[in-house]
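The block underneath contains the structure these notes are about, expressed in structure tokens.
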Amino acid sequence: MQTGIQESISRAAVWFGGMVCAASLLAMAGTSAQAAQPHRVTGKIYFQQVQIAYIGSGAAGKGRLTFRARTYPFTIAGLGVGGIGLSKLTATGNVYDLNSLPDFEGVYGQARLGWAVANKGGGNLWLSNNKGVTLKLKTKRQGLMLAGGADGVKISFSH
């Protein structure tokens with residue numbers, strides 16, 4: 001029979017193992033987006049999100065997609081593994097291989113490594129979904145954040 005402490009340690013080990021597996025899968029999804037070069041630019045994207053992290057991370061924000069001369073508002077939300085801090089991320093970039101508007105919505109995988117202190121911090125970010133859509137983003141991060149790990153983000157159109 002396990003004591004309360006042993007049971008807590010066992011649960012934590014199972015949870016941590018699951019998070020490591022999830023992070024590994026998301027990291028592979030994010031790096032495969034980088035390895036497979038996108039074919040053609042089909043749109044533009046801009047969004048801002050706030051990210052909070054302490055071992056696990058959460059993010060929420062809003063943005064807009066420009067596709068076929070029209071602009072579409074969307075929300076972006078995500079959960080992840082790794083990091084500590086609070087930051088605001090602003091991203092702009094290109095959308096690749098978006099053939100129809102419904103293909104934009106969905107879950108995107110991302111691997112990340114970065115930092116932010118006050119108004120300094122930024123880099124490049126690649127996101128891809130299972131419909132073949134890839135986002136190549138230039139990012140700027142403000143706040144205090146050490147980030148590392150993997151995330152899954154969900155993009156949904158605002159109505």
Side-chain angles (χ1 to χ4, degrees), residues 19-54 56-159:
M19 295 312 260
V20 168
C21 288
S24 298
L25 290 172
L26 288 170
M28 287 187 290
T31 54
S32 68
Q34 271 182 301
Q37 290 296 316
H39 296 103
R40 60 192 164 82
V41 175
T42 52
K44 299 280 185 190
I45 188 172
Y46 167 86
F47 68 86
Q48 288 186 325
Q49 73 176 17
V50 173
Q51 185 173 32
I52 299 170
Y54 181 73
S57 64
K62 294 182 177 185
R64 63 182 180 268
L65 164 70
T66 304
F67 177 65
R68 296 184 179 159
R70 294 192 62 193
T71 301
Y72 303 91
F74 64 87
T75 59
I76 184 167
L79 294 174
V81 178
I84 186 168
L86 172 68
S87 69
K88 176 180 155 187
L89 177 80
T90 302
T92 59
N94 292 323
V95 179
Y96 293 86
D97 299 326
L98 177 60
N99 297 313
S100 66
L101 195 56
D103 290 348
F104 182 71
E105 285 189 298
V107 176
Y108 288 76
Q110 127 188 4
R112 63 182 161 82
L113 182 61
W115 56 273
V117 177
N119 290 329
K120 300 190 186 281
N124 294 314
L125 179 63
W126 290 80
L127 300 171
S128 61
N129 71 12
N130 65 348
K131 299 171 192 163
V133 179
T134 301
L135 311 176
K136 181 181 179 188
L137 306 167
K138 290 273 188 198
T139 63
K140 181 172 180 168
R141 198 179 286 273
Q142 296 175 310
L144 181 58
M145 184 81 155
L146 290 173
D151 291 319
V153 296
K154 183 176 182 188
I155 295 177
S156 304
F157 285 114
S158 304
H159 299 286

Among residues at least two apart in sequence or on other chains, which ones pass side-chain hydrogen bond (donor to acceptor under 3.5 Å, both in side chains) with Lys62? none
In Å and rounded to the nearest 0.5 Å, what is the [atom1] to [atom2] distance from [X] to [Y]?
X: Arg70; Y: Arg64; atom1: CZ; atom2: CZ; value: 15.5 Å
X: Leu98; Y: Arg68; atom1: CG; atom2: CZ; value: 7.5 Å
X: Leu125; Y: Leu135; atom1: CG; atom2: CG; value: 8.5 Å
X: Lys138; Y: Thr92; atom1: NZ; atom2: OG1; value: 8.5 Å
X: Ile76; Y: Leu127; atom1: CD1; atom2: CG; value: 6.5 Å

Please determine whether the number of non-hydrogen atoms from other residues, nucleotides or ligands lying under 6.0 Å from atom NZ of Lys131 exceeds 12. yes
Does some side-chain heavy atom of [Y] sit less than 4.5 Å from a side-chain heavy atom of [X]?
X: Ile155; Y: Leu65; answer: no
X: Thr42; Y: Val133; answer: no
X: Tyr96; Y: Val41; answer: yes
X: Lys44; Y: Val95; answer: no
X: Tyr46; Y: Thr90; answer: yes

Asn94 side chain vs Ile45 backbone, donor-acceptor pair below 3.5 Å: no
Is it the case that the side chain of Asp97 and the backbone of Thr134 share a donor-acceptor pair, with hydrogens and angles ignored and the cut-off at 3.5 Å? no
Mutual orientation of the aromatic rings belonging to Phe104 and Phe157 [parallel < 30°, tilted 30-60°, perpendicular > 60°]: tilted
Assign the ring pair Tyr72 / Phe67 to parallel, tilted or perpendicular, where the plane angle (0 to 90°) is split at 30° and 60°. tilted
